[in-house]
K.L.:
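Quick one: this structure, given as structure tokens, is what I'll be asking you about.
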Amino acid sequence: MKTFVLNGWASSQEAWDLCLFERERIFTYTELLDGVAEDVLEKEKEFILVGWSMGGSYALRYAMKFPKKLKGLILLAATPRMMRDNNWEGMTPRRLAALEMGLKMTKGEGFFGTPEGKPNPYKMDSDENLARGLEYLKNTDLRLDLIDLLASGMIRCPVYIFQSENDGIVRSQNAKFLSTVFPHANVEIISGGEHALPVAIPEKIDIAVANCIL
């Protein structure tokens, strides 16, 4: 069973160094934006998806596009809607812009408070690519489409949802919403505010992938 990783905005390959599960490929956020991942998945018969942050948003997209091929879905700080909207707890445009500024100022080192002694999950990228990613996050809203997916009953594979309790980037409301879309999902709220879940809970991710393969 092939497992594909969908990385987050401005994220590095090293974000996954502590995870031991076998993965076919780690798609960068620019490869997601450019449709590279979708083209690869089109050719696969079945697969497991592991999506973190912006990559989690794409994992949700691919779950809707390829429900029969999907054999496992692992969502890490995933969001169907990043921005604050009506009663939806999200980010303001100003806060989102501050993320870009923070990344540039730190050049990715220690961004979002990377735990000491663990791989840096972030990297610098071109201004153009960073802006493209932020534009995706600003404009994406998958909530209504996901409610339709729930009604279809097509997702029957194992689903794991991991969310940090006090994540300042993706709020815990996302996990609550996703648990209604995937009522059979295993949901775990991680104490603290760590957004970089691949370096924070690698053992839990490994177990979730293994359980999807069983």
Side-chain angles (χ1 to χ4, degrees), residues 1-8 19 21 23 27 32 37-38 41 44-91 136-137 140-198 200-214:
M1 179 76 64
K2 292 182 181 179
T3 300
F4 294 95
V5 173
L6 313 178
N7 224 345
C19 293
F21 70 87
R23 49 264 193 184
F27 290 106
L32 298 176
E38 185 170 341
L41 296 179
E44 296 292 333
K45 292 184 178 179
E46 57 184 25
F47 47 76
I48 295 168
L49 295 180
V50 181
W52 169 39
S53 195
M54 179 176 163
S57 173
Y58 269 94
L60 293 169
R61 283 183 178 273
Y62 299 149
M64 291 186 283
K65 186 173 179 62
F66 306 113
K68 294 182 179 179
K69 295 184 177 186
L70 188 64
K71 302 304 176 183
L73 180 63
I74 300 165
L75 302 169
L76 311 167
T79 176
R81 173 64 173 167
M82 175 67 75
M83 307 305 292
R84 184 181 299 172
D85 179 22
N86 298 325
N87 294 323
W88 182 259
E89 185 182 358
M91 302 187 74
Y136 172 87
L137 293 172
T140 296
D141 189 349
L142 305 177
R143 289 173 294 178
L144 292 179
D145 291 334
L146 286 170
I147 290 171
D148 288 342
L149 179 67
L150 167 65
S152 74
M154 296 187 70
I155 301 296
R156 299 177 182 177
C157 67
V159 178
Y160 288 82
I161 299 170
F162 295 98
Q163 171 69 54
S164 289
E165 184 178 20
N166 299 314
D167 189 341
I169 308 303
V170 174
R171 306 294 185 177
S172 58
Q173 180 179 352
N174 286 270
K176 295 176 183 177
F177 175 82
L178 292 173
S179 68
T180 65
V181 174
F182 305 106
H184 68 292
N186 294 276
V187 182
E188 185 167 352
I189 305 298
I190 308 300
S191 62
E194 180 61 65
H195 182 69
L197 291 177
I201 56 166
E203 298 88 354
K204 292 181 182 293
I205 299 170
D206 288 337
I207 292 171
V209 173
N211 288 340
C212 290
I213 295 172
L214 293 177

K.L.:
Looking at every non-hydrogen atom in both residues, tell me the closest pair between Gly56 and Ala78 and how far apart they are.
P.N.:
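Shortest heavy-atom contact: CA-CB, 3.7 Å.
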
K.L.:
Locate the shortest heavy-atom distance separating Ile213 from Ile48; write the atom from each residue and the value.
P.N.:
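Scanning both residues completely, I find the closest heavy atoms to be CG1-CD1, 3.6 Å.
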
K.L.:
Can you run down the ring-ring contact (aromatic ring centres under 6.0 Å, His included) pairs that involve residues 68-91, sequence neighbours left out, and say none if there aren't any?
P.N.:
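The answer is Trp88-Phe177.
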
K.L.:
Where is the tightest heavy-atom contact between Leu73 and Cys212, given as atom of each residue plus distance?
P.N.:
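Looking at all heavy atoms of both residues, the shortest contact is N-SG, 4.3 Å.
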
K.L.:
Which distance, rounded to the nearest 0.5 Å, do you find between the CG of Leu49 and the CZ of Phe66?
P.N.:
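These two atoms lie 9.0 Å from each other.
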
K.L.:
Is there a side-chain contact (heavy atoms from CB on, under 4.5 Å) between Trp52 and Val5? Walk through the geometry before answering.
P.N.:
CA-CA 8 Å; Trp52 169 39; Val5 173; over 6 Å; no

K.L.:
As an exercise, state the distance from CG of Leu75 to OG of Ser57, rounded to the nearest 0.5 Å.
P.N.:
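Spacing of CG (Leu75) from OG (Ser57) equals 10.0 Å.
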
K.L.:
Sequence neighbours left out, what passes salt bridge (Lys or Arg N to Asp or Glu O under 4.0 Å) with Lys68? Give chain and number order.
P.N.:
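Salt bridge (Lys or Arg N to Asp or Glu O under 4.0 Å) list for Lys68, sorted by chain: empty.
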
K.L.:
Enumerate the residue pairs fulfilling side-chain hydrogen bond (donor to acceptor under 3.5 Å, both in side chains) with a member in residues 71-82, sequence neighbours excluded, ordered by first and then second residue.
P.N.:
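Non-adjacent pairs meeting side-chain hydrogen bond (donor to acceptor under 3.5 Å, both in side chains): Thr79-Asn174.
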
K.L.:
Just how far is it from atom CZ of Arg84 to atom CE of Met91, taken to the nearest 0.5 Å?
P.N.:
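The CZ atom of Arg84 sits 9.5 Å away from the CE atom of Met91.
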
K.L.:
Do Tyr62 and Phe27 make the cut of ring centroids closer than 6.0 angstrom?
P.N.:
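Aromatic pair excluded; centres sit 6.0 Å or further apart.
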
K.L.:
Is it the case that the side chain of Asp206 and the backbone of Phe21 share a donor-acceptor pair, with hydrogens and angles ignored and the cut-off at 3.5 Å?
P.N.:
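Yes; at least one donor-acceptor contact below 3.5 Å.
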
K.L.:
Hey, what do you get for CG (Leu178) to CD1 (Ile161), rounding to the nearest 0.5 Å?
P.N.:
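Rounded to the nearest 0.5 Å, the CG-CD1 separation comes to 5.0 Å.
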
K.L.:
I'd like to know whether CZ of Arg23 has more than 12 heavy-atom contacts from other residues, nucleotides or ligands below 6.0 angstrom.
P.N.:
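Result for CZ/Arg23: enclosed.
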
K.L.:
Quick one, Pro198 and Asn7 - any side-chain contact, counting heavy atoms below 4.5 Å?
P.N.:
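Contact flag for Pro198/Asn7 side chains = no.
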
K.L.:
Could you check whether any side-chain heavy atom of Val170 comes within less than 4.5 Å of a side-chain heavy atom of Met82, counting everything from C-beta outward?
P.N.:
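Contact flag for Val170/Met82 side chains = yes.
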
K.L.:
Measure the spacing between CG of Leu70 and NZ of Lys65 and express it to the nearest 0.5 Å.
P.N.:
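Going from the CG atom of Leu70 to the NZ atom of Lys65 covers 14.0 Å.
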
K.L.:
Side-chain contact, heavy-atom cut-off 4.5 Å: Leu142 with Met64?
P.N.:
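Yes, close enough: below the 4.5 Å cut-off.
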
K.L.:
Is the count of non-hydrogen atoms from other residues, nucleotides or ligands lying under 6.0 Å from Leu144 atom CG greater than 12?
P.N.:
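No.
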
K.L.:
Would one find more than 12 heavy atoms of other residues, nucleotides or ligands at under 6.0 Å from atom NZ of Lys204?
P.N.:
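Open.
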
K.L.:
Got a second to check how far Phe162's CZ is from Ile189's CD1, nearest 0.5 Å?
P.N.:
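The distance works out to 10.5 Å.
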
K.L.:
Is there a side-chain contact between Arg61 and Thr140 in this structure, where contact means two heavy atoms from C-beta onward sitting under 4.5 Å apart?
P.N.:
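When only atoms from C-beta onward are counted, Thr140 and Arg61 do touch, with a gap below 4.5 Å.
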
K.L.:
Does anything in residues 142-152 form a side-chain hydrogen bond (donor to acceptor under 3.5 Å, both in side chains)? List the pairs, not counting sequence neighbours.
P.N.:
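Every side-chain hydrogen bond (donor to acceptor under 3.5 Å, both in side chains) pair that includes a residue of residues 142-152, provided the two are not neighbours, is Asp85-Arg143, Asp141-Arg143.
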
K.L.:
Residues two or more places apart in sequence or in another chain: which of them pass side chain to side chain donor-acceptor pair (under 3.5 Å) with Asn211?
P.N.:
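So Asn211 forms a side chain to side chain donor-acceptor pair (under 3.5 Å) with Tyr160.
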
K.L.:
Taking Gln173 for the side chain and Glu89 for the main chain, is one N or O donor matched with an acceptor at less than 3.5 Å?
P.N.:
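The answer is yes, because a donor-acceptor pair under 3.5 Å joins these two groups.
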
K.L.:
Do you know which two heavy atoms are closest between Ser179 and Lys176, and how far apart they sit?
P.N.:
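The answer is OG-O, 2.6 Å.
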
K.L.:
Under the side-chain hydrogen bond (donor to acceptor under 3.5 Å, both in side chains) definition, can you give me all pairs with a residue in residues 163-172, not counting sequence neighbours?
P.N.:
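Sorted pair list: Asp167-His195.
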
K.L.:
List the atom of Ile155, the atom of His184, and the distance in Å for their closest heavy-atom pair.
P.N.:
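Nearest heavy atoms, Ile155 then His184: O-CE1, 3.5 Å.
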
K.L.:
For Leu150 and Val181, which heavy atoms make the closest approach, and how far apart are they?
P.N.:
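In this case the closest contact between Leu150 and Val181 is CD1-O, 3.3 Å.
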
